[in-house]
**Student:** 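This is the structure, below, for whatever I ask next.
Only this structure's heavy atoms are used, side chains among them; waters, hydrogens and symmetry mates stay out. Index from 1, following the sequence.
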Amino acid sequence: MQTKDSSPPDGGYGWVVVVSAFIVMGLTAAVLKTFGLFFAEIQEHFNELASTISWITSITIATFHLGAPVASSLCVKYTHRAVVIAGGLLAFSGMALGCLGLNMIWMYATTGFLQGLGISFSWTPAISIVSHYFSKKRALANAIASAGECAFAFIFGPFFQWLIGQYGWKGALLIIGGTQLNICVCGILMRPLTSSCHREVTHPEPPPGNGISKTDEEEKSTITHRTFNWMLLRRAKFVLYAMFGILAAMSFFVPPLFLVPLSYSLGIDESWTASLLSILAMVDFSGRLLCGWYANLHLTKTIHLLTMTITLISTSLMLLPLANNYLSLAIFTGFYGFFFGTTVAVHITVLAEVVGMSDFDSALGLFMLIRSTGGFLGPPLAGLIVDMAGDYRAGFYMAGATLVLAAVFLVVLDQFQQRSERRSQTNTKLEKSSLPYTSFHFLKLQKRRYQDHDVVV
């Protein structure tokens with residue numbers, strides 16, 4: 001089977017797509033990450049409990065993950081460009097309407113639901129199309145694109161504080177919404193590849209008598225690529241990787257939640273505690289770029305690299321509670337942030353290798369949806385363990401232990417893939433060895449037949 005124009009460019013215009021995705025990551029995930037700066041202002045305005053205000057962010061995160069399969073299916077049916085543009089408009093609408101600040105239900109519907117849907121419709125196709133444009137350099141391209149979240153989060157912290165001080169929280173929301181319209185510009189730059197969703201497949205002519213024509217095969221192939229593939233849930237390799245995603249998400253949301261309280265419990269000053277978050281963002285950014293560069297050298301299989309980084313994150317989280325002052329806490333935080341960045345840099349690349357590019361859009365949406373359960377279960381479970389132990393360190397131990405289990409699923413997946421590869425290589429060798437043998441004996445029989453015919457004549 002030969003696929004027309006199916007080879008990704010691995011460069012060229014693809015780097016324009018990477019830069020566009022870098023900006024989209026910043027205008028979506030980074031905005032979500034720094035939205036906590038509005039928390040106190042909104043709480044004071046509506047005079048509500050903290051738990052009531054926190055539902056805004058919860059709804060945003062839930063809609064972001066739950067909307068991923070919808071965004072992926074729309075990418076398959078239409079184009080990544082169209083879905084990103086729609087996401088930019090939805091994100092702008094959420095912020096622009098949210099600045100009216102009518103009541104809490106209004107905030108849930110606008111800065112919660114609409115903003116979350118806009119982030120989902122922008123983030124999902126942006127990270128997906130990068131993988132379509134790259135093959136050999138896919139890990140590096142994904143790492144650069146995902147680094148936009150760290151770079152913009154580092155800038156947005158002081159910028160959002162300045163906006164709130166100058167224009168109030170309502171004016172700041174409107175300005176941020178206007179900034180998110182740049183997602184539409186990035187979407188326009190995401191030129192679709194013909195092989196991304198609408199492949200034209202040239203098949204060899206089938207042997208006579210099988211009842212399937214070349215046109216029927218092409219039509220069937222087109223239909224397959226233009227529908228969302230829910231059957232991925234029946235593939236063992238995808239299920240194993242989804243289990244890894246659930247356990248990883250359960251752990252990744254815990255450290256940022258308990259890092260600041262742990263710092264306060266150690267008697268560290270508030271200003272020094274705030275610097276820990278800056279350290280986390282900087283080393284995260286470095287980890288993504290360095291791991292993407294290393295993965296691009298193809299010295300190590302990406303699934304092996306991912307298993308190694310997950311193991312190192314687990315080790316960092318297990319050691320972090322041993323810190324007893326600012327310096328030791330900053331060092332362990334730096335290790336955690338760096339290895340977290342390396343994991344983010346390659347986990348999408350591993351997903352593409354597990355399912356193949358023909359099903360990647362569907363797989364990304366399903367993976368995001370399934371992974372969200374870990375994000376919802378992790379923080380409450382860690383909070384319960386902290387309450388039972390009476391110590392914030394217990395949350396870090398729980399996160400580290402969960403990541404050990406996540407690494408086990410990666411090891412099982414790797415063994416599964418290696419066994420499939422060996423079986424495939426064995427079948428290929430058998431086919432190659434049997435073909436010359438069959439052809440030789442066929443020609444020998446034909447020669448004998450003609451010789452016998454000549455003798456009779």
Side-chain angles (χ1 to χ4, degrees), residues 25-26 29-30 32-37 39-40 143 146-161 248-294 308-347 378-379 382-383 385-386 389-404 406-407:
M25 296 301 108
L32 178 58
K33 184 178 285 187
T34 52
F35 190 76
L37 293 169
F39 191 95
S146 68
E149 175 186 342
C150 308
F152 277 77
F154 189 75
I155 298 170
F156 280 170
F159 178 58
F160 285 4
Q161 285 180 325
M250 286 180 65
S251 305
F252 289 160
F253 286 94
V254 172
L257 187 64
F258 294 118
L259 182 61
V260 172
L262 176 62
S263 175
Y264 288 154
S265 68
L266 294 175
I268 298 173
D269 187 73
E270 184 177 346
S271 59
W272 286 104
T273 299
S275 68
L276 291 174
L277 300 178
S278 298
I279 292 172
L280 199 61
M282 287 189 293
V283 294
D284 184 0
F285 180 81
S286 303
R288 296 186 193 212
L289 294 182
L290 286 174
C291 187
W293 168 79
Y294 178 78
M308 181 176 65
T309 59
I310 288 293
T311 305
L312 290 171
I313 293 177
S314 174
T315 304
S316 301
L317 289 175
M318 293 289 194
L319 293 175
L320 193 144
L322 300 178
N324 55 9
N325 53 46
Y326 173 78
L327 180 60
S328 57
L329 187 61
I331 291 173
F332 288 128
T333 299
F335 279 124
Y336 163 75
F338 181 82
F339 294 126
F340 174 80
T342 60
T343 300
V344 174
V346 296
H347 82 288
I385 293 173
V386 167
D391 192 343
Y392 289 111
R393 293 179 176 87
F396 292 92
Y397 288 130
M398 169 263 176
T402 306
L403 282 177
V404 171

**Student:** Can you give me the closest heavy-atom contact between Ile385 and Ala394, atom names plus distance?
**Tutor:** CG2-CB, 3.8 Å
**Student:** Grab the two heavy atoms, one from Leu262 and one from Leu320, that are nearest each other, plus how far apart they are.
**Tutor:** CD2-CD2, 3.6 Å
**Student:** Side-chain donor-acceptor pairs under 3.5 Å in residues 279-292, sequence neighbours left out?
**Tutor:**
unit_1: Asp284; atom_1: OD1; unit_2: Arg288; atom_2: NE; d: 2.8
unit_1: Asp284; atom_1: OD2; unit_2: Arg288; atom_2: NH2; d: 3.2
unit_1: Ser286; atom_1: OG; unit_2: Met282; atom_2: O; d: 3.1
unit_1: Arg288; atom_1: NH1; unit_2: Ser146; atom_2: O; d: 2.7

**Student:** Atom OH in Tyr326, atom CD1 in Ile331: separation rounded to 0.5 Å?
**Tutor:** 10.0 Å
**Student:** Which distance, rounded to the nearest 0.5 Å, do you find between the CG of Leu259 and the CZ of Phe396?
**Tutor:** 5.5 Å
**Student:** Would you compute the distance between atom CZ of Phe156 and atom OG1 of Thr34 and round it to the nearest 0.5 angstrom?
**Tutor:** 6.5 Å
**Student:** About how many Å separate OG1 of Thr333 and CZ of Phe338, when rounded to the nearest 0.5 Å?
**Tutor:** 15.0 Å
**Student:** Could you tell me the separation between the CG atom of Leu32 and the CD atom of Glu149, rounded to the nearest 0.5 Å?
**Tutor:** 8.5 Å
**Student:** Between Met398 and Gly378, what is the shortest heavy-atom contact and its length?
**Tutor:** CE-O, 4.1 Å
**Student:** Taking ring pair (Phe, Tyr, Trp, His ring centres under 6.0 Å) as the test, write out the residues that go with Phe154, two or more places apart.
**Tutor:** none
**Student:** Could you list the residues that satisfy ring pair (Phe, Tyr, Trp, His ring centres under 6.0 Å) with Phe252, not counting sequence neighbours?
**Tutor:** Phe340
**Student:** Distance check, rounded to the nearest 0.5 Å: Ile313 atom CD1 versus Thr343 atom OG1?
**Tutor:** 3.0 Å
**Student:** Side-chain contact, heavy-atom cut-off 4.5 Å: Ser328 with Leu322?
**Tutor:** no
**Student:** Would Leu329 and Ser263 satisfy side-chain contact (heavy atoms from CB on, under 4.5 Å), going step by step from the backbone distance to the final call?
**Tutor:** CA-CA 8 Å; Leu329 187 61; Ser263 175; 3.9 Å; yes
**Student:** Under 6.0 Å from the CZ atom of Phe332, do we count more than 12 heavy atoms belonging to anything else shown?
**Tutor:** yes
